[in-house]
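Here's the structure we're looking at; comments come further down.
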Amino acid sequence: MMTNLTLFFIPLICIGLFHSGNSSHFRGAIFTWTPTSEGNQIEISWRISWRRGTQYCDETTIANQQLLSGEGTLSCTNGCSGGVSLRFRCTDFSVSEDWTTGVNTVTFDPSSNTIFVMSFTGGNWIGGLHIGSNGNWALPMSVDLTVRQDTGRPNSSPVSSVTPIVRLQHGCNHTFNIPVNDPDGDMVRCRWAVGSECGSVCNGFPNAILNKETCTFSYNAVYNSTGWFAVALMIEDFGNQSSTTPLSKIPLQFLVNVFSNQGQCNATPEFVYPTPTDGSCVGVSENETYIQSIVARSANGIAGIMTVSPLGFHKSELVQIDVDLFSVNLTWTPSANQIGENIICYTAKSTTGQTSPQTCITLVVGGYAPNIVINSLEPQPGTEVPVDHSVYSMTFDNDVCKSIIVR
């Protein structure tokens with residue numbers, strides 16, 4: 001497929017139950033879906049995060065792709081019956097922040113219905129949320145399997161990922177992005193969850209500003225005191241930029257920790273070459289092993305580099321490679337069912353507790369890097385360009401990442 005791209009663009013960093021016993025253990029989740037070739041059957045995928053003390057994970061758990069018990073059920077609430085038990089395979093964990101996160105994919109058959117809603121509800125979040133309680137959660141997902149007129153096939157939901165805990169230093173201005181991709185190439189927008197979409201954590205991150213078009217937060221961490229905040233979003237896809245009727249709705253919820261630190265706001269750790277930059281898109285061939293060094297710089301030293309990765313990733317131990325440089329190596333051999341877009345996010349934490357902005361990239365399995373169609377360049381190479389010329393465009397011979405908004 002030929003993709004026309006204008007060079008003024010914004011890359012997006014390119015996603016009922018009752019709980020049982022333990023309190024203060026939920027760390028967030030996202031649910032996505034895609035149709036199969038079998039009638040109204042869908043594949044439901046999720047990333048879910050818990051307190052590590054309740055869902056234990058270590059390097060052995062990850063290497064063995066052990067199926068953990070999880071907790072609860074994604075249940076039909078409208079238009080279908082039954083549900084899906086939320087067991088998962090751990091992909092990443094943090095000892096210092098006490099979380100485990102992992103993924104799973106299962107098939108679900110709603111019978112004859114093409115439009116239905118499923119939801120995951122329960123409690124408790126982490127203790128000490130600013131809302132005054134541990135908080136209940138509600139994460140509804142809407143599915144519409146009606147054949148689309150524009151594509152001739154049923155829709156697939158957007159996909160996303162985020163670290164379970166986003167750390168923001170008090171007294172500093174922050175901007176961070178939610179990575180969003182869409183398998184159908186649809187326009188994706190993010191909005192705050194409301195009402196039954198967010199349980200008791202609606203408006204859980206007051207004074208944060210959300211850009212719905214780019215799924216980008218801005219936050220001046222002086223409005224509130226330090227502490228824990230729950231973020232509840234709905235991610236929606238639209239057939240075109242002017243549409244106001246979403247094709248699907250998926251929930252994304254995670255935690256923000258506003259922490260106190262005496263360090264300067266501009267002294268946070270940073271990722272440096274050869275680390276892929278935020279929003280990068282990398283093609284990975286089937287049966288190829290992806291190898292990448294993630295290097296972070298901090299004058300105060302790096303305590304850890306935390307990742308939220310697809311299933312099958314291996315992260316090496318942190319090593320110091322220079323006075324202020326630290327790195328981990330990532331290796332990944334994707335499986336056949338990981339063909340398509342896969343998001344990995346990473347953050348670095350210094351020994352003084354400051355954290356880097358979250359960086360996310362998209363790994364496209366089964367794709368190849370796009371080549372420029374030379375005769376499509378505008379202006380053409382070698383031509384004189386007026387000073388007031390503002391539009392530059394080119395055409396690529398292949399779609400790789402669909403997470404680029406054309407302006």
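Note that these values count all heavy atoms, side chains included, but never hydrogens, waters or copies made by symmetry. In this chain, numbering begins with 1 at the start of the sequence shown.
Listed by chain and number, the residues in a side-chain hydrogen bond (donor to acceptor under 3.5 Å, both in side chains) with R47 are T91, T101 (sequence neighbours excluded). Applying the side-chain hydrogen bond (donor to acceptor under 3.5 Å, both in side chains) rule to N337 yields the partners S335; only residues at least two apart in sequence or on another chain are considered. Checked against salt bridge (Lys or Arg N to Asp or Glu O under 4.0 Å), R167 has the following partners two or more places apart in sequence or in another chain: E97. Contacts of T36 classified as side-chain hydrogen bond (donor to acceptor under 3.5 Å, both in side chains), with partners at least two apart in sequence or in another chain: Q41. Shown here are the ring pair (Phe, Tyr, Trp, His ring centres under 6.0 Å) partners of F254, two or more places apart in sequence or in another chain: there are none. Under the side-chain contact (heavy atoms from CB on, under 4.5 Å) criterion, A193 pairs with E197, C198, A232, M234, not counting sequence neighbours. Not a single ring pair (Phe, Tyr, Trp, His ring centres under 6.0 Å) links W228 to another residue, sequence neighbours left out.
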Under 3.5 Å, sequence neighbours excluded: what are the donor-acceptor pairs made by side chains of residues 296-311?
from: R297; atom 1: NH1; to: E270; atom 2: OE2; distance (Å): 3.4
from: S298; atom 1: OG; to: N300; atom 2: N; distance (Å): 3.2
from: T307; atom 1: OG1; to: D92; atom 2: OD2; distance (Å): 2.6
from: S309; atom 1: OG; to: D92; atom 2: OD1; distance (Å): 3.1
from: S309; atom 1: OG; to: D92; atom 2: OD2; distance (Å): 3.0

Which pairs would a plain distance check flag for residues 318-328, meaning a side-chain donor or acceptor within less than 3.5 Å of a matching protein atom at least two apart in sequence or in another chain?
from: Q320; atom 1: NE2; to: D322; atom 2: O; distance (Å): 3.0
from: Q320; atom 1: NE2; to: V323; atom 2: O; distance (Å): 3.2

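Counting only residues at least two apart or on different chains, no ring pair (Phe, Tyr, Trp, His ring centres under 6.0 Å) pair has a member in residues 286-312. For residues 139-149, the salt bridge (charged side-chain N to carboxylate O under 4.0 Å, His left out) pairs, not counting sequence neighbours, are R148-D150, R148-D184, R148-D186. Counting only residues at least two apart or on different chains, the salt bridge (charged side-chain N to carboxylate O under 4.0 Å, His left out) pairs with a member in residues 232-247 are R191-E236.
With a 6.0 Å radius and a threshold of 12 heavy atoms from other residues, nucleotides or ligands, Q264 has its CD atom at or below the threshold.
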